[in-house]
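Right, one structure below, let's go through it.
Not measured: the values here are computed from a predicted model.
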Amino acid sequence: QVQLVESGGGLVQAGGSLRLSCAASERTFSRYTVGWFRQAPGKEREFCAGIRWSGRSTDYADSVKGRFTISRDNAKNTVYLQMNSLKPEDTAVYYCAARSGDRIQTRIPAYDYWGQGTQVTVSS
């Protein structure tokens with residue numbers, strides 16, 4: 001059982017930056033593919049970014065491409081989401097999720113473990 005804990009959320013003005021962290025409880029976390037998802041009020045949860053276990057392959061939703069960067073430090077069992085040029089429409093609860101497969105998946109059911117989420121609010 002992998003436990004994931006997100007942190008780094010908060011309130012930021014439009015154009016600002018935040019870095020989210022996803023810390024895992026298990027040393028074998030380096031074998032997992034990790035995704036960041038977000039859910040805005042009244043909307044479905046959606047894929048933002050993903051990274052394979054090696055860190056050599058990433059994928060992004062079109063809405064965040066060029067502004068968000070996903071990375072990981074397997075020695076620290078942590079995955080990061082650097083968010084730049086934030087917009088009010090980025091306001092959401094952000095979740096990290098892990099799956100044991102090697103491929104980045106954008107579908108929610110493909111992920112086995114989820115964190116509790118961290119709130120990101122971008123003011124205009």
Side-chain angles (χ1 to χ4, degrees):
Q1 186 81 9
V2 178
Q3 294 183 333
L4 304 174
V5 179
E6 301 97 334
S7 62
L11 174 64
V12 64
Q13 288 188 333
S17 298
L18 283 174
R19 188 177 80 157
L20 306 184
S21 298
C22 173
S25 61
E26 190 172 303
R27 281 180 286 181
T28 59
F29 184 59
S30 62
R31 302 176 186 173
Y32 290 82
T33 292
V34 176
W36 281 98
F37 292 75
R38 66 185 182 185
Q39 187 166 18
K43 295 188 177 181
E44 294 186 350
R45 193 171 299 189
E46 63 177 5
F47 172 82
C48 288
I51 188 166
R52 293 178 65 181
W53 66 270
S54 66
R56 294 176 183 175
S57 179
T58 59
D59 191 19
Y60 298 91
D62 289 342
S63 59
V64 306
K65 197 172 294 183
R67 300 187 299 121
F68 291 11
T69 302
I70 188 171
S71 62
R72 67 190 301 162
D73 185 340
N74 287 336
K76 295 183 178 180
N77 294 333
T78 302
V79 172
Y80 304 98
L81 185 67
Q82 178 67 43
M83 307 186 295
N84 298 328
S85 302
L86 283 162
K87 305 175 182 179
E89 50 263 45
D90 294 319
T91 295
V93 177
Y94 283 72
Y95 300 88
C96 68
R99 63 184 303 271
S100 56
D102 190 40
R103 297 180 63 182
I104 299 170
Q105 294 282 355
T106 62
R107 299 177 302 110
I108 291 171
Y111 290 81
D112 304 304
Y113 306 102
W114 290 83
Q116 83 290 346
T118 185
Q119 176 71 47
V120 172
T121 303
V122 185
S123 63
S124 58

Quick one: closest heavy-atom pair of [X] and [Y], and the distance?
X      : Y      : result
Ala14  : Ser124 : CB-CA, 4.4 Å
Val93  : Gly117 : CG1-CA, 3.8 Å
Phe29  : Leu4   : CE1-CD2, 3.8 Å
Gln105 : Ala110 : CB-CB, 3.5 Å
Val79  : Ile70  : CG1-CG1, 3.9 Å
Ser57  : Ile104 : O-CD1, 3.6 Å

Decide yes or no for [X] and [Y]: does some side-chain heavy atom of the first lie under 4.5 Å from some side-chain heavy atom of the second?
X      : Y     : result
Thr69  : Tyr80 : no
Tyr60  : Ile51 : no
Gln119 : Thr91 : yes

Task: Donor on one side chain, acceptor on other, Arg99 and Tyr111, under 3.5 Å - done: no
Identify all side-chain donor-acceptor contacts of residues 16-26 below 3.5 Å with residues at least two apart in sequence or on another chain.
residue	atom	partner	partner atom	Å
Ser17	OG	Asn84	OD1	2.9
Ser25	OG	Gln3	N	3.0
Glu26	OE2	Thr28	OG1	2.1

Enter the distance from [X]:[atom1] to [Y]:[atom2] here, rounded to the nearest 0.5 Å.
X      : Y     : atom1 : atom2 : value
Cys48  : Gln39 : SG    : CD    : 11.0 Å
Ser100 : Trp53 : OG    : CH2   : 14.0 Å
Arg38  : Arg45 : CZ    : CZ    : 13.0 Å

Open item on the list: Take a 6.0 Å sphere around NZ of Lys76 and say whether it holds more than 12 heavy atoms from other residues, nucleotides or ligands.
Closed with: no
Would you list the atom pairs, donor with acceptor, under 3.5 Å between side chains in residues 30-37 and any protein atom, with sequence neighbours excluded?
residue	atom	partner	partner atom	Å
Thr33	OG1	Gly101	O	2.8
Thr33	OG1	Asp102	O	3.3

Open item on the list: Tell me if a side-chain donor or acceptor on Glu6 pairs with a main-chain N or O of Gln116 at a distance below 3.5 Å.
Closed with: yes
Task: Arg72 side-chain N/O to Gly55 backbone N/O, donor-acceptor pair under 3.5 Å - done: no
Task: Check ion pair Lys87-Asp90 (N to O, under 4.0 angstrom) - done: no
